[in-house]
Number of protein chains: 2
Amino acid sequence: MTPTAFIVLGLLERLGSASPYELKQQATATLGNFWSTPHSQIYRTTEALAAAGLLAVRAETTPGGRGRTVYSLTRKGRRALATERRHTAADLPELRDPALLRLYFGADPAPLAVEQLAAHRRQLAAYEARRAQDDGTEPRGPWLTLRAGIAHEREWIKFWRDLTGAADGHTNRMAGSDG
Amino acid sequence: MTPTAFIVLGLLERLGSASPYELKQQATATLGNFWSTPHSQIYRTTEALAAAGLLAVRAETTPGGRGRTVYSLTRKGRRALATERRHTAADLPELRDPALLRLYFGADPAPLAVEQLAAHRRQLAAYEARRAQDDGTEPRGPWLTLRAGIAHEREWIKFWRDLTGAADGHTNRMAGSDG
DNA sequence: CCCACCATGTAACATGTTACATGATTGG
DNA sequence: CCAATCATGTAACATGTTACATGGTGGG
């Protein structure tokens with residue numbers, strides 16, 4: 001099962017039923033900060049899952065006339081989701097950061113670091129606001145991923161902060177916060 | 001400029017000249033741990049860069065008969081690389097970890113955590129071996145990205161270690177090392 | 001000499017990115 | 001009522017993944 005398929009099934013379990021458009025909105029709002037999915041892929045995936053019998057299709061006509069297609073889990077879809085949840089994956093994530101790539105190939109660290117630092121600080125603030133806003137009722141999964149996000153943002157901030165003032169001289173190394 | 005193009009130019013600056021095959025080997029060996037690139041894309045990119053005048057092409061016939069195509073930077077290619085190095089990007093990386101995705105959608109943390117913990121420990125060991133092996137002559141860029149890799153691996157290990165024993169009960173939260 | 005693996009690619013298909021299209025709704 | 005935006009998609013193209021092809025090379 002592809003990640004997108006898993007996301008579609010997982011979101012539909014929560015939402016009951018939804019159009020691909022709504023699924024995309026949900027995905028952006030909830031997973032968006034650690035996993036992005038293009039809407040084109042959501043449309044393809046809902047079609048494929050429906051063809052495979054994991055989703056039921058319903059054509060809706062909203063008052064006003066504009067139609068849309070609404071999907072919901074079938075029993076088979078529920079089973080597939082449960083099975084997939086039990087699988088464990090041993091794949092590791094990649095860092096895959098364009099800024100890191102530039103750094104690797106010899107870009108001057110300081111200007112990169114200034115931008116990255118600001119962006120990561122904004123991101124961390126957003127995460128922490130979300131955590132603060134939570135009243136303790138959010139399910140454990142999302143809460144844990146939020147925790148992971150916060151931890152890694154803090155690492156990025158440490159990393160780039162150390163580089164904001166680093167001169168681009170001949171010395172390869174510097175004293176760092178690295179243990 | 002696409003990341004792959006930047007990688008091809010950057011590697012060719014180091015290597016002087018290389019075939020797409022060699023570029024792929026180099027990319028895997030050096031960047032592989034934080035940025036992967038499929039070989040198909042390397043072949044496409046070398047062709048495109050050559051067509052744009054950033055690379056010079058030379059058809060080689062190795063003793064034995066098997067031919068290959070060797071590329072090297074043109075002056076224009078060097079200029080493009082220098083320009084690109086000066087650009088700063090404000091895009092943030094995504095975590096994009098399949099295990100995190102499962103966690104988000106309610107997978108039982110413990111079994112996931114066991115596998116992830118082991119895998120991240122191996123990865124950290126590999127990074128640290130590389131750092132230990134370095135005699136201080138490695139350029140700063142690679143050394144910095146290695147440092148980032150190590151820091152994040154440590155975060156992942158903390159994260160998953162806290163989850164290896166977590167019961168999958170009704171309590172949403174637990175005491176964590178999060179500060 | 002044969003099998004396995006390295007070197008060197010090409011091709012088919014899946015996924016991701018970006019642009020376009022079009023009907024409703026709403027703020028000015 | 002016009003422009004912007006939301007809702008709802010389709011399509012074109014770029015990139016990534018995976019399978020296949022084929023010539024050399026080295027070990028048993």
Side-chain angles (χ1 to χ4, degrees), chain A residues 1-8 11 15 17-29 31-32 34-52 55 57-71 89 91-96 98 101, chain B residues 1-9 11-12 15 17-29 31-32 34-52 55 57-71 89 91-96 98 101:
Chain A
M1 164 151 11
T2 66
T4 305
F6 183 55
I7 289 168
V8 164
L11 288 177
L15 299 174
S17 70
S19 69
Y21 182 87
E22 283 176 301
L23 289 172
K24 168 58 178 166
Q25 303 308 115
Q26 268 311 109
T28 302
L31 305 159
F34 76 96
W35 194 292
S36 70
T37 311
H39 66 284
S40 58
Q41 192 57 19
I42 302 221
Y43 283 96
R44 286 176 193 138
T45 302
T46 46
E47 275 181 38
L49 290 176
L55 299 185
V57 197
R58 183 166 38 103
E60 249 184 26
T61 310
T62 41
R66 177 88 200 238
R68 64 189 208 140
T69 309
V70 175
Y71 294 90
D91 308 344
L92 292 181
E94 274 176 19
L95 259 43
R96 193 165 272 267
L101 194 58
Chain B
M1 165 149 15
T2 65
T4 305
F6 184 56
I7 289 169
V8 165
L9 295 177
L11 288 176
L12 279 176
L15 299 174
S17 70
S19 68
Y21 182 86
E22 283 176 302
L23 289 173
K24 168 59 178 166
Q25 302 309 116
Q26 268 310 108
T28 301
L31 303 159
F34 76 96
W35 194 294
S36 69
T37 310
H39 66 283
S40 59
Q41 192 58 20
I42 302 223
Y43 283 96
R44 285 176 193 138
T45 302
T46 47
E47 275 180 38
L49 290 176
L55 298 186
V57 197
R58 181 166 40 101
E60 247 184 29
T61 308
T62 41
R66 178 86 200 237
R68 63 188 210 141
T69 310
V70 175
Y71 294 91
D91 307 345
L92 292 180
E94 275 176 15
L95 260 42
R96 195 165 271 267
L101 194 58

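What's counted below: heavy atoms across the whole structure, side chains too, no hydrogens, waters or symmetry copies. Within every chain, numbering begins at 1; the chains are lettered A, B, ... in the order of the sequence lines, protein sequences first and strands thereafter.
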Are any protein N/O atoms closer than 3.5 Å to N/O atoms in nucleotides 14-17 of chain D? If there are, list each pair with its distance.
from	atom 1	to	atom 2	distance (Å)
dG16(D)	N7	Arg44(B)	NH1	3.0
dG16(D)	O6	Arg44(B)	NH2	2.8
dT17(D)	O4	Ser40(B)	OG	2.9

**Prompt:** Can Arg96(A) and Ser36(B) be said to form a side-chain contact (heavy atoms from CB on, under 4.5 Å), step by step?
**Reply:** CA-CA 8 Å; Arg96(A) 193 165 272 267; Ser36(B) 69; 3.2 Å; yes

**Message:** If we ignore hydrogens and angles and just use 3.5 Å, is the side chain of Arg68(B) paired with the main-chain N or O of Pro20(B) as donor and acceptor?
**Reply:** no

**Test side-chain contact (heavy atoms from CB on, under 4.5 Å) applied to Leu15(B) and Glu22(B), step by step** = CA-CA 10 Å; Leu15(B) 299 174; Glu22(B) 283 176 302; 5.5 Å; no

**Prompt:** Rounded to whole angstrom units, what separation is found between the OH atom of Tyr43(B) and the P atom of dA12(C)?
**Reply:** 17 Å

**Message:** Is there a side-chain contact between Tyr21(A) and the phosphate of dG9(D), meaning an N or O under 4.0 Å from OP1 or OP2?
**Reply:** no

**Item:** Chi angles and distances behind the side-chain contact (heavy atoms from CB on, under 4.5 Å) call for Ile7(B), Leu23(B)
**Value:** CA-CA 9 Å; Ile7(B) 289 169; Leu23(B) 289 173; over 6 Å; no

**Request:** Measure from CZ on Arg68(A) to P on dT10(D) and round the result to the nearest Å.
**Result:** 15 Å

**Fill in**
Here the distance between atom C1' of dT8(D) and atom CD of Gln26(A), to the nearest Å, is 16 Å

Per-pair distances, 0.1 Å, donor-acceptor, side chain in residues 38-47 of chain A, under 3.5 Å, sequence neighbours excluded:
from	atom 1	to	atom 2	distance (Å)
Gln41(A)	OE1	Arg44(A)	NH1	2.9
Thr45(A)	OG1	Gln41(A)	O	2.6
Thr46(A)	OG1	Ile42(A)	O	3.0
Thr46(A)	OG1	Tyr43(A)	O	2.9

**Message:** Just to verify, what does Tyr21(A) make a ring-ring contact (aromatic ring centres under 6.0 Å, His included) with, not counting sequence neighbours?
**Reply:** none

**Asked** Given atom NZ of Lys24(A) and atom P of dA7(D), what is their separation to the nearest angstrom?
**Response** 14 Å

**Asked** To the nearest angstrom, how far is Gln25(A) atom CD from dA7(D) atom C1'?
**Response** 8 Å

